[in-house]
Amino acid sequence: MSSIRYSVIVPAFRENGNIRPLVSRIFGALSQVNSPVNPNEVEVIIVDDNSRDGSVETVDTLRREGYNVRIIVRTTERGLSSAVVRGFQEAQGDSMLCMDADLQHPPEYVPSMLASMSRTKQFALGTRYAKGVEIDEGWPLYRRVISSGARMLALPLTAASDPMSGFFGIRRETFLKARNLNSDGFKIALDLLVKCNIPSDAIAEVPFSFGVRAEGESKLTGKVMIRYLEQLGELYWYRFSGLIIFLSILLFVLFVLLARAFLGAYGGLEGKAQSKY
């Protein structure tokens, strides 16, 4: 039987410069005296989209140094959401955590994020919008505006305070309930929150301070934002399709009744007009 209880999934593309500090800081935090999670029960999985930037060699070196980390190189698939799903499918742990490779999600929060999941708390969400949490001053203003706007658009879909967060965890049994996940979507956490039908009382929110990218380039582009809007449309239909169909039928029936009433009234007036002659 595997001794691994927790899995940390890191989707990556050309993030070699961040892999060593990320992995060493994760296990450094887990090895602290006050860590609620045993580092020997944790694995880190890098899901790399065929970067060919030395990431494989870096992971091999880290493994030789004793870190429980492995890398999955995908050659026929691309995309953040599908990489996360692949990592969850390959994970050995029952509590699975997703985080970015760029160190904007501080590895020091990993122990508390992992420990926050349980049979009653099926989803852990690192939130940037809790009281007292500050976003790094180096984060550009336009990124803050985009993040806030995207969050507001998603609020009707879930009670989570930060559904746009890429720092989240989910229990295996809940992940396995998901159907029709959008592998092309921009925000897999939002997709899981909606399609696993996770109630607000099953979400453990962990406040964290969002950092700035350490190495490499941001993956946020206009194309990615368009994909997010497409994902929102799909999720709104998924969540509210029954209501939308019901309202459409109701409006049609009302239209028919009003049309009949109007035509009936018009016919009555026309009949009276003809009777005068």
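- Taking each heavy atom of I46 and I19 in turn, the nearest pair found is CG2-CD1, 4.3 Å.
- Ring pair F167/F208: centre-to-centre distance below 6.0 Å.
- With a 4.5 Å cut-off on side-chain heavy atoms, D100 and V10 do not count as touching.
- Each of S95, P111, P39 was scored for a side chain to side chain contact (heavy atoms under 4.5 Å, CB included) with Y6, with one residue passing: S95.
- Side chains of R64 and T61: a donor-acceptor N/O pair is present below 3.5 angstrom, by distance only.
- Note that CE of M117 and CZ of F123 are 9.5 Å apart. Values are rounded to the nearest 0.5 Å.
- For the atom pair CZ of F13 and CG of L80, the computed distance is 12.5 Å after rounding to the nearest 0.5 Å.
- A donor atom on one side chain and an acceptor atom on the other are not found under 3.5 Å apart for R20 and T58.
- Using a cut-off of 4.0 Å between Lys/Arg side-chain N and Asp/Glu carboxylate O, D162 and R128 are scored as salt-bridged.
- Side-chain contact of E41 with N38: a donor-acceptor pair under 3.5 Å is absent, judged by distance alone.
- Sorted pairs that involve residues 110-122 and meet salt bridge (Lys or Arg N to Asp or Glu O under 4.0 Å), not counting sequence neighbours, are lacking altogether.
- The shortest non-hydrogen separation linking R74 to A83 is NH1-N, 3.4 Å.
- Of the inter-residue distances, the one linking I26 atom CD1 with L114 atom CG reads 9.0 Å to the nearest 0.5 angstrom.
- A side-chain donor-acceptor contact under 3.5 Å links E205 and S161.
- Between R86 and E90, at least one side-chain nitrogen of the basic residue sits less than 4.0 Å from a carboxylate oxygen of the acidic one, meeting the salt-bridge criterion.
- A salt bridge is absent between E43 and R5; no separation between the charged side-chain nitrogens and carboxylate oxygens falls under 4.0 Å.
- For S7 (side chain) and A91 (main-chain N/O), no donor-acceptor pair under 3.5 Å exists by modelled atom type.
- Aromatic ring orientation, Y67 versus F27: tilted (interplanar angle from 30° to 60°).
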